[in-house]
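Side chains are part of it too, since the values below use all heavy atoms of this structure and drop only hydrogens, waters and symmetry mates.
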Amino acid sequence: MNFRKCVLGFLKDHEKANYVVSCVRYFKDGKFRQSVLEINHDPTTIKYENFGDKNKDEIIYLIYPENFALGFFALFTVVLDGLYFADRFHLKPVVEYSDKCLYDEGHAINGGENAFEYFFEPVSDISVKDARQSRNVALYKQCHRNVDGEITVLGNYLENGGRMEEYMLDRAKVYRKYIRLKPEVQSYIDENMESVLGDRKCVGVHVRGTDFRNEYRDHAKVVTLDQYMDAAEEAIKKHGFERIFLATDEEATVAEFRKRFGDKVVCYGDIFRSTDGEPVHFSDGKRKDHKYRMGLEVMRDMYTLAECDGLICGYSNVSITSRIVRLASGKPYEYENVISNGFNETGTTTYKDRKKRAKRKKRA
């Protein structure tokens, strides 16, 4: 057999060896080096996959976040950023949550086969199944969130990136254009919201506890309970709020607020909250469809916060989303107080923390 053909045949069958040979061959080619270095880093470099012969005339953008450590609204802000990217480059979006996501139950709910569609209607007329059999499909990459600036953790980016107002307005437009709740979810939220808000002037307070105290890198530093409660007291005195809607992931926070403000505090009583400092979104509850219900409950909190007359919060994905939803409604909050103690410059990441938790659970 011809030696050259033999080598080429070997390289064809061995992808990694072929890659190494290509790097050596084009080592002096500046354009080749640059193109390799830009892969997964340059948000304007879009590669298309050919999965089949469907939708030949469409350019599809599949927003498929695989991270298994993201809470509900961390995932959702990824979706909003992906939808913004799709609009920016005139792509048709399709959203699919991975079966690794924290809210996947392994079976259909509300007619949705993946966890995004448990809660939301599809964002376009192309189904996930058809997208995965289509001719021209671009896949979501983390670097696509950086098309207008470096987004590591969203709160940090908003406070320090100098684009807060522009970002929020852009995502509010995307939300209005694409996001529709499943009828079952919309009914659930509407019915529950009416029961807690009534017709009183209400300030929403979002208190993020549990693993926020782990001081993850680039995440907001913890806002203390005293800071939240002092802000609520000031808002009541100066702005005439009659009621506090409290959204929190910790049961102890509810007790502290009620100790100070009594029956002015309203919140949902049937929500799964942490009693031991462990993050709710990593929990394994015994309830039927616990993961789905976790998502449903945090959605209910977020939409109720967005319906309040005012908002007190720190930097978290729940409060950021509530502000975006409120902007999308066209009616700004009467009062808004985003408390910031700065951001952690060192520390572990939520991804590494989740991996450690998974290992500990496996050993136990």
I need the minimum non-hydrogen distance between [X] and [Y], along with the two atoms involved.
X: Cys101; Y: Ala115; result: SG-CB, 3.8 Å
X: Tyr335; Y: Ala235; result: CE2-CB, 3.7 Å
X: Gln186; Y: Leu181; result: OE1-CD1, 3.5 Å
X: Glu117; Y: Val128; result: OE2-CG2, 4.0 Å
X: Arg243; Y: Val196; result: NH1-O, 2.9 Å
X: Pro65; Y: Val78; result: CB-CG1, 4.0 Å

Are any side-chain N or O atoms of [X] and backbone N or O atoms of [Y], one a donor and one an acceptor, separated by less than 3.5 Å?
X: Ser134; Y: Asp130; value: yes
X: Glu242; Y: Lys201; value: yes
X: Arg200; Y: Lys264; value: no
X: Arg145; Y: Lys141; value: no
X: Asn192; Y: Tyr188; value: yes
X: Asn114; Y: Phe116; value: yes

**side chain to side chain contact (heavy atoms under 4.5 Å, CB included) between Arg323 and Leu311, worked out** = CA-CA 9 Å; Arg323 293 162 68 196; Leu311 177 69; 3.6 Å; yes
**Worked verdict on Arg260 versus Glu233 for salt bridge (Lys or Arg N to Asp or Glu O under 4.0 Å)** = CA-CA 9 Å; Arg260 182 156 172 180; Glu233 189 165 306; 3.0 Å; yes
Is it true that [X] and [Y] fall in one hydrophobic cluster, defined by side-chain heavy atoms closer than 4.5 Å?
X: Phe120; Y: Tyr64; value: no
X: Tyr61; Y: Val137; value: no
X: Ile59; Y: Phe51; value: no
X: Ile60; Y: Phe89; value: no
X: Leu139; Y: Leu83; value: no

**Message:** Students often mix this up, so state it plainly: with edges at 30° and 60°, are the rings of Phe76 and Phe73 parallel, tilted or perpendicular?
**Reply:**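 Perpendicular: the ring planes of Phe76 and Phe73 meet at over 60°.
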**Request:** Anything under 30° is parallel, anything over 60° is perpendicular, the rest tilted; go ahead and classify Tyr140 against His144.
**Result:**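 If you compare the ring of Tyr140 with that of His144, the planes turn out perpendicular.
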**Asked** Do Phe119 and Phe72 make the cut of ring centroids closer than 6.0 angstrom?
**Response**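 So the answer is yes for these two rings.
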**Request:** Would you please indicate if the ring centroids of Tyr118 and Tyr103 are separated by under 6.0 Å?
**Result:**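 No - the distance between ring centres of Tyr118 and Tyr103 does not fall below the 6.0 Å cut-off.
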What distance separates [X] [atom1] from [Y] [atom2], expressed to the nearest 0.5 Å?
X: Glu105; Y: Asp289; atom1: CD; atom2: CG; answer: 4.5 Å
X: His239; Y: Asn337; atom1: NE2; atom2: CG; answer: 8.5 Å
X: Arg300; Y: Thr304; atom1: CZ; atom2: OG1; answer: 7.5 Å
X: Glu307; Y: Arg326; atom1: CD; atom2: CZ; answer: 6.5 Å
X: Ile109; Y: Tyr292; atom1: CD1; atom2: OH; answer: 6.5 Å
X: Ser340; Y: Gln227; atom1: OG; atom2: CD; answer: 9.5 Å

**Message:** Between Phe257 and Val205, is the side chain to side chain contact (heavy atoms under 4.5 Å, CB included) condition met? List the steps.
**Reply:** CA-CA 10 Å; Phe257 262 77; Val205 180; 3.9 Å; yes
**Message:** With heavy-atom distances below 4.5 Å as the criterion, would you say the side chains of Ile179 and Leu80 are in contact?
**Reply:**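 With C-beta onward as the side chain, the pair touches.
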**Request:** Show your working on side chain to side chain contact (heavy atoms under 4.5 Å, CB included) between Arg132 and Val94 and close with a plain yes or no.
**Result:** CA-CA 10 Å; Arg132 290 197 171 275; Val94 175; over 6 Å; no
**Request:** Go through the structure and list residues passing side chain to side chain contact (heavy atoms under 4.5 Å, CB included) with Gln133, not counting sequence neighbours.
**Result:**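 Result, side chain to side chain contact (heavy atoms under 4.5 Å, CB included) vs Gln133: Lys54, Lys129.
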**Prompt:** Can you list the steps and then say if Tyr48 with Leu91 is a side chain to side chain contact (heavy atoms under 4.5 Å, CB included)?
**Reply:** CA-CA 11 Å; Tyr48 296 98; Leu91 311 173; 3.8 Å; yes
Side chains of [X] and [Y]: donor-acceptor distance under 3.5 Å anywhere?
X: Thr253; Y: Tyr228; answer: no
X: Tyr167; Y: Asp81; answer: yes
X: Tyr175; Y: Arg171; answer: no
X: His206; Y: Ser322; answer: no

**Item:** Charged N-O contact under 4.0 Å between Asp87 and Lys177
**Value:**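 Salt bridge: yes.
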**Message:** For Lys237, is there an ion pair with Glu234 - N to carboxylate O distance below 4.0 angstrom?
**Reply:**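 No, Glu234 and Lys237 are not salt-bridged.
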**Request:** Determine whether more than 12 heavy atoms belonging to other residues, nucleotides or ligands lie under 6.0 Å from atom CG of Asn50.
**Result:**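 Buried by this count: over 12 neighbours within 6.0 Å.
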**Request:** Kindly check if the number of other-residue, nucleotide or ligand heavy atoms within 6.0 Å of NZ (Lys182) is above 12?
**Result:**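 Buried by this count: over 12 neighbours within 6.0 Å.
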